[in-house]
Amino acid sequence: MAHQLLQGKKGIIFGALDEKSIAWKVAERCVEEGAQIVLTNAPVAMRFGGIQQLGEKLNAPVIPADATSMDDLENLLNNSMEHFGGKMDFMLHSIGMSLNVRKKKEYTDVNHEWMLKTFDISAVSFHKLMQTAMKLNAMNEGGSILALTYIAAQRVFPDYNEMAESKALLESFARSFGYHWAKKARVRVNTISQSPTMTTAGSGVKGFDDFFGYADKMSPLGNADTESCADYCIVMFSDLTRMVTMQNLFHDGGFSNMGMEPAVLAP
Ligand code: NAI
């Protein structure tokens, strides 16, 4: 159900790869709520999935950008502002990729060059985006910047590998840069810590299917799905949350505050 919460707002959505992507659903919900958007993803992602089709459906330009490249980010932001005829009100960073996970390296035997690349893609890109947007003065007063994260930043999930540190870094960038954005233009910066979700990035983690079921049982409301995550992003982009900043917000059906759930022990 749409409430026109984003009427007149303009924003950029990173990371819609295919219909399962969280960013895909967020993009659809943004437009339902009255926003105009630009879609972006890595140049290589243009060959997969249907981001172009999504762009056509939502009347949104698709501008490729490798989120680790300052030149690509500058080009993306300049072209988006030209398209909108002004600055942005919101941005979603929905980007994650681990080279060591992809190449099935264990946490105790990672390739450290790959680890640095993982940090660059999954976390430093968020800093690069915010720095570029600040340099170009690309955000409207009171805007909202979000990134998606996971509770492995705070607790141990052995198979999450180097993504745990990536998410810890990402959340730290949200806090530290959030201060500067608040002072500059009352722009809010937050991370949403989402339940395990059946997507390309999610299911790349070893043992994901079993873990998905475990988290679903441990969470009193069950795992939060993609649709509800998109709804939460809409609220965070809206003016209703104008005083929320520098926070890591758990969107996980209660998982993060659980200690023990009898249903998990049942044979
Ligand atoms: P996804 O695989 O659909 O999205 C990841 C996106 O990152 C893809 O669109 C990919 O093309 C993009 N990407 C990778 N390298 C890039 C680069 N260099 N430049 C620009 N884009 C690049 O998977 P999902 O699950 O929708 O992931 C979105 C975010 O949600 C990620 O940050 C992920 O870590 C986070 N998240 C996912 C959970 C899950 O269980 N699926 C749980 C908690 C957080």
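One-based numbering, in listed order, for ligands and for the atoms of each.
Residue pairs meeting the salt bridge (charged side-chain N to carboxylate O under 4.0 Å, His left out) criterion with at least one member in residues 125-139, sequence neighbours excluded: Glu74-Lys135, Asp120-Lys128. Residue pairs meeting the ring-ring contact (aromatic ring centres under 6.0 Å, His included) criterion with at least one member in residues 137-158, sequence neighbours excluded: Tyr150-Phe157, Tyr150-Tyr160, Phe157-Phe211.
At a 4.0 Å heavy-atom cut-off, the residues surrounding ligand 1 are Gly15, Leu17, Ser21, Ile22, Asn41, Ala42, Ala45, Ala65, Asp66, Ala67, Ser94, Ile95, Gly96, Ile121, Leu148, Thr149, Tyr150, Lys167, Gln194, Ser195, Pro196, Thr197, Thr199, Thr200, Ala201, Gly202, Phe208, listed by chain and number.
Side-chain contact of Asp231 with Ser228: a donor-acceptor pair under 3.5 Å is absent, judged by distance alone. A donor-acceptor contact under 3.5 angstrom links the side chains of Glu162 and Thr118, judged on distance only.
A search for side chain to side chain contact (heavy atoms under 4.5 Å, CB included) contacts involving Pro220 returns Met258, not counting sequence neighbours.
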Practice task
Could you check Lys87 against Glu141 for salt bridge (charged side-chain N to carboxylate O under 4.0 Å, His left out), going step by step and ending with a plain yes or no?
Solution key: CA-CA 9 Å; Lys87 302 185 206 180; Glu141 192 85 7; over 6 Å; no
